[in-house]
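The basis for the numbers below is simple: all heavy atoms, side chains too, and nothing from hydrogens, waters or symmetry mates.
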Protein chains: 2
Amino acid sequence: MLKLSRLTDYAVVALVRLSAADCVETSPGIAAAIGVPEPTVAKVLKALAGHGLVISSRGARGGYRLGRPLNEIAVSEVIMAIDGPIALTSCVDGASGCESQSLCPVAGRWDPVNDAIRSALSRISLADMEAASIPTAFRLPVVAPMNEVV
Amino acid sequence: MLKLSRLTDYAVVALVRLSAADCVETSPGIAAAIGVPEPTVAKVLKALAGHGLVISSRGARGGYRLGRPLNEIAVSEVIMAIDGPIALTSCVDGASGCESQSLCPVAGRWDPVNDAIRSALSRISLADMEAASIPTAFRLPVVAPMNEVV
DNA sequence: CCAATCAGGACCGCTTAGGTCCACTATCGG
DNA sequence: CCGATAGTGGACCTAAGCGGTCCTGATTGG
Ligand code: SF4
Ligand code: SF4
């Protein structure tokens, strides 16, 4: 349906959330803040850490913090970190994943379309998505960060 | 993986192929021309006919022909005809398919990103994809159209 | 009347994404 | 030095969507 995976969506949400609290935050904390099951958000954070989008601190009082300011992170980076490379069809970038490639009249012709999407996504930063958002005061207070046990 | 479905890809291929032979062509003929199983391409053609992208003629000597010149067909139209609407996440267009929508800091903020992709895809016509293609003479002759049984 | 061809839908198998869990390691605080 | 805390990496399982096939009508030309 030309939709990106839910994990990618969660990654963006987690990053934006992580910038709101610019201090170190644990994955259970983030999970509670954005209303996503903890193991899932943990997996997302792991992948993000592997690509340098977040910095991880181990041990007690560890957690995650942003590896880069939000306006330096493009949407396409998050997508590629979680979802893998952006490839509309099997024949982009000269990849040979299509068996009817030899007699396909549009073989390799998806590349411009693919690049159009890539550039469109790389021009939008997470800060853009956050900036256009409704003012923070308007949002629900949700759960206060790590105040009490349930 | 942010890839479009294979059926959508086949739809574009079929449309381009259909414009090469501007006469009426049957679905088995198209299937043989582009090297795709016949039932599959038939299903694609049906969907395209339902959206007016191709005109169908029933009965003997029937078949499909383009409903519009190629340069009037945007890539986004084909995608929407086969793959459904372009919706990166569950919360675009105000849809409420996400249960964490109430406490999501970026709820509804995917819309600009979504629209960017939509406009990028609607600005590219199938003629653009065909035009940039390698000259037809360079392509393999593949199967001569309906010459002989196997 | 017959053959060809599209229309529409039911159906099924496979892939893959989504989600969960566990054992391990590193770090901090006492 | 020890134990609690928190990330790391991987295996694993389930569910849903997609790709693909087939069958039964409806329609039109010969
Ligand atoms: S455009 Fe042609 S070659 Fe490329 S993936 Fe689609 S069918 Fe295969
Ligand atoms: S952006 Fe937020 S509300 Fe929208 S689909 Fe993702 S998690 Fe749900």
Sugar-phosphate, base or nothing in reach of A:Met1, heavy atoms under 4.0 Å: sugar-phosphate

Whole-Å gap separating C1' (C:dA17) and OH (A:Tyr10): 12 Å

No-hydrogen, no-angle side-chain donor-acceptor test under 3.5 Å, B:Ser119 and B:Ser122: no

Among C:dT20, C:dA7, D:dG20, the nucleotide that comes nearest once only the side chain of A:Thr40 is considered: C:dT20

Distance, nearest 0.5 Å, that separates CE of A:Met1 from OG1 of B:Thr8: 11.5 Å

Distance, rounded to the nearest Å, where B:Leu48 contributes CG and C:dC6 contributes C1': 14 Å

Nearest-Å distance for atom pair CZ/C1', residues A:Arg6 and D:dA16: 11 Å

Rounded distance in Å - CD (A:Glu38) to C1' (D:dT5): 13 Å

Short side-chain N/O contact from A:Thr26 to OP1 or OP2 of D:dG7, under 4.0 Å: no

Rounded distance in Å - CG (B:Leu45) to P (C:dA7): 8 Å

Candidate nucleotides C:dG19, C:dT20, D:dG20, ranked by approach to the side chain of A:Pro37 - the nearest: C:dT20

Test item: side-chain donor near acceptor, B:Asn71 and B:Ser125, under 3.5 Å: no

Sugar-phosphate only, base, or nothing, as touched by B:Leu7 at under 4.0 Å among non-hydrogen atoms: sugar-phosphate

Nucleotide D:dG7, atom P - distance to NE2 of A:His51 in whole Å: 18 Å

Under-4.0 Å side-chain N/O to phosphate OP1/OP2 contact, A:Tyr64 with D:dT8: yes

Neighbour count above 12 (heavy atom, 6.0 Å) for A:Arg61 CZ: no

Nearest non-hydrogen partners of B:Leu2 and A:Leu88, listed with the distance: O-CD2, 3.7 Å

Under-4.0 Å salt bridge between A:Arg118 and A:Asp93: yes

Footprint string (nucleotides 21-30 of chain C, 5' to 3'): B base within contact, S backbone only, - free, heavy atoms under 4.0 Å: ----BBBB--

Minimum-distance nucleotide to A:Ser56 side chain [options: D:dG7, C:dT20, D:dG19]: D:dG7

Atom pair distance, as rounded to whole Å: CG in A:Asp83 and C1' in C:dG18: 12 Å

Considering all heavy atoms, the nearest B:Ala11-B:Val78 contact: CB-CG1, 3.6 Å

A:Asp9 CG - C:dA17 C1' separation (whole Å): 14 Å

Heavy-atom closest contact (A:Asp111 atom, A:Val92 atom, distance): OD1-CA, 3.2 Å

Sugar-phosphate only, base, or nothing, as touched by A:Gly63 at under 4.0 Å among non-hydrogen atoms: sugar-phosphate

Nucleotide nearest B:Lys43 (side chain, heavy atoms from C-beta), chosen from C:dG18, D:dG19, D:dG20: D:dG20

A:Ser27 side chain near D:dG7 phosphate (N/O to OP1/OP2, under 4.0 Å): yes

